[in-house]
Amino acid sequence: QVQLVESGGGLVQAGGSLRLLCAFSGRTFDNYAMGWFRQAPGKEREFVAAITKSAISTYYADSVRGRFTVSRDSAKTQVSLQMNSLKPEDAAVYYCAAGGSNCGLGGSASYDYWGQGTQVTVSS
């Protein structure tokens with residue numbers, strides 16, 4: 001069973017930066033593609049970013065491309081999401097997810113395991 005634990009959320013002013021971390025345990029990290037999703041109050045969960053098992057490819061939602069960077073560290077079995085130039089509309093609970101396939105990483109159905117989430121608040 002995979003366990004995912006997010007950290008790094010908090011309150012930041014618009015234009016600021018945060019780095020989210022997701023600690024992976026329970027299975028072989030390199031066998032899983034990793035993704036980040038977010039959910040704001042009253043809205044559906046939406047895709048933010050993903051990285052394939054080998055880290056060859058990364059994918060981003062249009063709304064965050066150029067501002068967010070997803071990366072993974074096999075030695076530490078963790079994935080990170082560097083968020084720069086944050087906007088009030090980026091405020092949400094951010095979730096880390098793990099999936100066994102490199103396909104369809106923009107959809108939540110491609111992921112088998114989810115973390116509990118970490119809150120990101122952006123003040124204007």
Side-chain angles (χ1 to χ4, degrees):
Q1 187 77 0
V2 170
Q3 290 85 42
L4 302 172
V5 179
E6 302 96 335
S7 61
L11 172 64
V12 64
Q13 287 188 332
S17 298
L18 279 176
R19 183 173 182 244
L20 304 184
L21 292 175
C22 174
F24 177 105
S25 63
R27 294 282 172 85
T28 302
F29 180 65
D30 291 347
N31 289 345
Y32 290 85
M34 302 297 295
W36 288 95
F37 288 74
R38 67 187 181 187
Q39 188 168 19
K43 296 187 177 182
E44 294 186 354
R45 188 174 297 187
E46 64 174 0
F47 169 74
V48 175
I51 186 166
T52 55
K53 299 177 187 181
S54 60
I56 289 178
S57 298
T58 56
Y59 304 93
Y60 297 94
D62 290 342
S63 59
V64 307
R65 187 175 291 111
R67 299 188 296 123
F68 290 12
T69 302
V70 61
S71 61
R72 62 190 296 159
D73 186 330
S74 293
K76 296 181 179 179
T77 65
Q78 66 183 26
V79 61
S80 66
L81 184 68
Q82 178 67 42
M83 306 187 296
N84 298 328
S85 302
L86 282 161
K87 304 175 182 180
E89 52 263 43
D90 293 318
V93 176
Y94 281 71
Y95 297 91
C96 173
S101 172
N102 278 334
C103 298
L105 294 181
S108 58
S110 296
Y111 298 88
D112 306 302
Y113 303 97
W114 295 82
Q116 293 299 307
T118 186
Q119 178 71 51
V120 171
T121 304
V122 183
S123 63
S124 57

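Remark: aromatic rings of F37 and Y111 are close, center separation under 6.0 Å.
In the hydrophobic cluster analysis, where Ile, Leu, Val, Met, Phe, Trp and Tyr join through side-chain heavy atoms closer than 4.5 angstrom, V93 is grouped apart from L81. In terms of hydrophobic clustering, with Ile, Leu, Val, Met, Phe, Trp and Tyr side chains grouped at heavy-atom distances under 4.5 Å, M34 and W114 are assigned to different clusters. Note on V2 and W36: same hydrophobic cluster, where clusters join Ile, Leu, Val, Met, Phe, Trp and Tyr whose side-chain heavy atoms are under 4.5 Å apart, directly or indirectly. F47 and V120 end up in different hydrophobic clusters when Ile, Leu, Val, Met, Phe, Trp and Tyr side chains are linked at under 4.5 Å. Placement of L18 and V70 within a single hydrophobic cluster is found when ILVMFWY residues are connected by side-chain heavy-atom separations under 4.5 Å, directly or transitively.
For the pair R45 and Y95, the cation-pi criterion (under 6.0 Å, within 45° of the ring axis) is fulfilled.
Distance CZ/F29 to NZ/K76: 12.0 Å, rounded to 0.5 Å. In this structure, CD on E46 lies 11.5 Å from OG on S108, to the nearest 0.5 angstrom. Taken from CE in M83 to OH in Y94, the straight-line distance is 5.0 Å, to the nearest 0.5 Å.
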Using atom types as modelled, flag every donor-acceptor pair under 3.5 Å from a side chain in residues 48-58 to any protein atom, sequence neighbours excluded.
| unit_1 | atom_1 | unit_2 | atom_2 | d |
| --- | --- | --- | --- | --- |
| T52 | OG1 | I56 | N | 3.3 |
| T52 | OG1 | S57 | N | 3.1 |
| T52 | OG1 | S57 | O | 3.3 |
| K53 | NZ | G100 | O | 2.6 |

Contacts under 3.5 angstrom, residues 3-12 side chains, donor-acceptor by atom type, not counting sequence neighbours:
| unit_1 | atom_1 | unit_2 | atom_2 | d |
| --- | --- | --- | --- | --- |
| Q3 | OE1 | S25 | OG | 3.3 |
| Q3 | NE2 | Q1 | O | 3.0 |
| E6 | OE1 | Q116 | N | 3.1 |
| E6 | OE1 | G117 | N | 2.9 |
| E6 | OE2 | C96 | N | 2.8 |
| E6 | OE2 | G117 | N | 3.2 |

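Between the side chain of S110 and the main chain of G104, a donor-acceptor pair closer than 3.5 Å is present.
Side-chain atoms of R38 and L20, non-hydrogen and from C-beta on, never get closer than 4.5 Å to each other.
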Handout entry: Audit row: Y60, R67, side chain to side chain contact (heavy atoms under 4.5 Å, CB included) steps and yes/no
Key = CA-CA 10 Å; Y60 297 94; R67 299 188 296 123; over 6 Å; no

Practice task
Could you go through the side chain to side chain contact (heavy atoms under 4.5 Å, CB included) check for F24 and R72 one step at a time?
Solution key: CA-CA 10 Å; F24 177 105; R72 62 190 296 159; over 6 Å; no

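For the pair S124 and A14, the tightest heavy-atom approach, listed with the atom from each and the gap, is CA-CB, 4.3 Å. The shortest non-hydrogen separation linking A33 to N102 is CB-OD1, 3.6 Å.
Salt-bridge formation is not detected for the pair D90/K87: no Lys NZ or Arg NE/NH1/NH2 atom is positioned less than 4.0 Å from an Asp or Glu carboxylate oxygen.
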